[in-house]
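Data first, discussion second: the structure below is written as structure tokens.
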Amino acid sequence: MAAIAGVALAVLLTWPTLKHPFTTIPGDAGDPTLQAWQVAWAGHALATDPLHLWHSNTFFPASYTFAYTDSMPGYALAGLLGHGVEAALFRYNLLYVLAHALAFVGAYALVRQLGGIRTAAAVAGVAWAFAPWRLAHSGHLNVLSIGGIALCLAMLARGHGWSLRDGHRPARHRPGWIVAGWLVAAWQVSLGLAIGLPLVYFLAATGLVVLAAVGWARWRTGRWALGRRVVLANLLGGGVFAGVCVWLGTTYLRVVELNPQARRDLAWTEMFSPPLRGYFVAPADSWLWGEHFTAARAQLSWPPEMTLLPGVTLIMLAVAGLSYSVFRVRHRVLLGLGVLVSGALGLGTSLVGQGDPGYLTLSRLLPGWDALRTPGRLMVWTSLLLAVLAAGAITEFGRQLPTLKWPRLAGRILLLVPLLLVVVEGVNRTPHPTVPTAPAALRSAPDPLLVLPSDSYSDAHVMLWSTDGFPRVANGYVTFVPASQQQIRTASTTFPDRDSVAYLRQVGIRSVVVLPDRLAGTPWDGITTRPVDGLGITREEIAGALVYRLD
């Protein structure tokens, strides 16, 4: 029932994502088109040549190009659904909706396992999955895909027989849930290290705490708190999880080795670090709060990463949950400290001392942390902890309902008020632009090919268009410009002339497709009037585009 409710809520609160799923895309026509290509390529590689997953059809002739940005190989199975550009858009829109649904289900399952009642779990699920701050990331499927975090924690807690309400109960050990929890955690990490890496370190730190607690119990009682099957389940599941982390980590390190300019220094962190007031500012895509915070957003240097309002209702319920809760006092204190710590880390260099101690300290000490350039995304953890605190307060109120003098119906209706409020706060006004149609000329141009103009905006579309057959293209869009791509772009600004044609032939380019309607104001403006005589190439116009064949 929770899963059905999650899907229904996701369809409703992401609407109109599924209204025109074959032609539009949520957010903007930039990053989402890149990520639609990522899912499509992962499926294509899985079906044709899994061993060459990381060597995609883009950024020709470079290698490891699928790992140039936060890729999502965990969605490879979804990439098997259909073929071509329309299928790529449809599956992206479907995953966009299902990512919200899974976030709801994950938080719901976690709160239920920790001891919350159904209404409290539903409030936590909606407040986490459809929080106002997440509306600023409508163009980042990797940031929205967080359901596996809460779900794996719920499974691991269930497998170890542990909850906030009842503590550790060895009689309820379930090794199968432990293995499942680790597998879900591994899948979550495969959806991107930007969100997955903090989970890795959280699980590692939790594991150390558990080992210390088990050792202490062994010293005091002479008995092991965990049975052999539980230990074996953790070794098996944890081994798979560690293997996935090593596989991804070594691949990204290889990219940095081949492309030193891909390394993100702490200047990125400084640029994207939000001020403290960012936690109380809603993004423009929030239907309820967006217009009210227009002036506040104007004072932020980068609103998409600095509008971090988790929800007014959630904040109020979490504050109440610190003093009024079904959870034990020590657990509430730990949850409150978790909110403060994750919130402080989320400030990045805006914290007192410029994040040292704090976010910059972790960047120096923890491998890979320096690549997390956007501290505000730790709101994933801050809002989850707030949701658990809020669930404690709602559960306590529900527990005391039978003892109150109010009519039982009135009490139950009152329990639904927080749920209605978090639903209203999750209503979006996210734009859904129509994605540009692929030029017919791309189908007739022999690969490897280059599409001009080649810039961030155009190349994101070329990547999406290339899902129709996956021809090798020199185009590609990520946060850095690979050396080989820069050389091709520079050489092609004089195309077609003898030097540019010779260079493109040298690197293996067989054809160049020029899109005249996109040339204005780019370095390639005027290319269509340049002669091709004596260059040994041909030029053909196809549906408004020009195709130059170099071989």
Side-chain angles (χ1 to χ4, degrees), residues 10 13-14 17 25-28 30-39 69-75 78 92-104 106-107 127-152 185 187-200 202 248 252 264 268-269 271-274 278-279 281-286 302-311 342 345-346 348 359 368-369 371-384 387 426 428 430-431 460 477-479:
L13 292 178
T14 61
T17 298
I25 204 161
D28 58 70
D31 284 353
T33 56
L34 158 65
Q35 295 186 322
W37 166 82
Q38 286 180 320
V39 177
T69 188
D70 206 14
S71 58
M72 299 180 288
Y75 281 143
Y92 179 90
N93 285 312
L94 186 62
L95 287 173
Y96 181 85
V97 173
L98 293 180
H100 287 82
L102 184 59
F104 170 85
W128 195 54
F130 305 99
W133 76 270
R134 281 165 54 81
L135 294 172
H137 293 280
S138 57
H140 300 140
L141 182 60
N142 59 323
V143 178
L144 297 175
S145 299
I146 60 174
I149 294 176
L151 192 59
C152 78
W187 174 74
Q188 175 66 57
V189 172
S190 74
L191 298 181
L193 290 181
I195 297 299
L197 193 60
L199 174 64
V200 173
F202 176 83
L248 292 171
Y252 287 118
R264 295 170 175 173
W268 286 88
T269 301
M271 179 172 62
F272 289 116
S273 292
Y279 286 120
V281 179
D285 288 357
S286 171
W302 193 258
E305 297 288 353
M306 296 180 180
T307 48
L308 301 174
L309 180 70
S342 61
L345 291 176
Y359 197 90
W369 196 273
L372 304 182
R373 56 183 179 138
T374 48
R377 294 180 183 179
L378 287 177
M379 177 53 76
V380 168
W381 292 89
T382 306
S383 57
L384 183 59
N428 80 88
T430 301
Y477 159 59
V478 288
T479 55

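This chain uses plain numbering: 1 for the first residue, then up along the sequence.
For the pair Pro73 and Ser190, the tightest heavy-atom approach, listed with the atom from each and the gap, is CD-O, 3.0 Å. Closest approach of Ala185 and Cys152 over heavy atoms only: N-CB, 3.7 Å. Scanning all heavy atoms of the two residues, the minimum distance from Gly139 to Pro32 falls at CA-CG, 3.6 Å. Residues Ala99 and Leu141 share a closest heavy-atom pair of CB-CD1, 4.3 Å. Among all heavy-atom pairs drawn from Ser273 and Met306, the shortest one is O-CE, 3.4 Å. Nearest heavy-atom pair, Thr307 versus Pro283, reported as atom, atom and distance to 0.1 Å: OG1-CB, 3.5 Å.
With Thr14 as the fixed residue, the side-chain contact (heavy atoms from CB on, under 4.5 Å) test singles out one of Leu98, Val97, Asn93: Val97. Partner Tyr359 forms a ring pair (Phe, Tyr, Trp, His ring centres under 6.0 Å) with one of Trp268, Phe272, Trp369 and no other, that one being Trp369.
You'll find the ring centres of Trp133 and Tyr279 outside the 6.0 Å limit. Ring to ring, His100 and Tyr96 are close: their centroids are under 6.0 angstrom apart.
Rounding to the nearest 0.5 Å gives a distance of 13.0 Å between CG of Leu308 and CZ of Arg134. Between the CG atom in Leu144 and the OG atom in Ser138 there is a gap of 7.5 Å [rounded to 0.5 Å]. To the nearest 0.5 Å, atoms CH2 (Trp37) and OG (Ser71) are separated by 8.5 Å. Note: Gln188 CD to Leu102 CG = 8.0 Å, rounded to the nearest 0.5 Å.
Looking at heavy atoms from C-beta onward, Trp128 lies in side-chain contact with Ile146 at the 4.5 angstrom threshold. Here the side chains of Asn428 and Asp285 are not in contact, with every heavy-atom distance at 4.5 Å or above. The side-chain heavy atoms of Leu378 and Pro198, taken from C-beta on, include a pair separated by under 4.5 Å. Looking at Met379 and Pro310, their side chains come closer than 4.5 Å, going by heavy atoms from C-beta outward.
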Test side-chain contact (heavy atoms from CB on, under 4.5 Å) applied to Leu345 and Trp381, step by step: CA-CA 11 Å; Leu345 291 176; Trp381 292 89; over 6 Å; no
Residue pair Gln35, Tyr92: steps toward the side-chain contact (heavy atoms from CB on, under 4.5 Å) verdict: CA-CA 8 Å; Gln35 295 186 322; Tyr92 179 90; 3.7 Å; yes
Check against side-chain contact (heavy atoms from CB on, under 4.5 Å), Thr33 and Tyr477: CA-CA 10 Å; Thr33 56; Tyr477 159 59; over 6 Å; no
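With sequence neighbours left out, the salt bridge (charged side-chain N to carboxylate O under 4.0 Å, His left out) criterion links Arg377 to Glu305. For the side-chain hydrogen bond (donor to acceptor under 3.5 Å, both in side chains) test, residues two or more places apart in sequence or in another chain that qualify with Ser145 are Tyr75. Judged as a side-chain hydrogen bond (donor to acceptor under 3.5 Å, both in side chains), and not counting sequence neighbours, the contacts of His137 are His140.
Side-chain contact check for Asp70 and Asn142: at least one donor-acceptor pair (N or O, by modelled atom type) lies under 3.5 Å.
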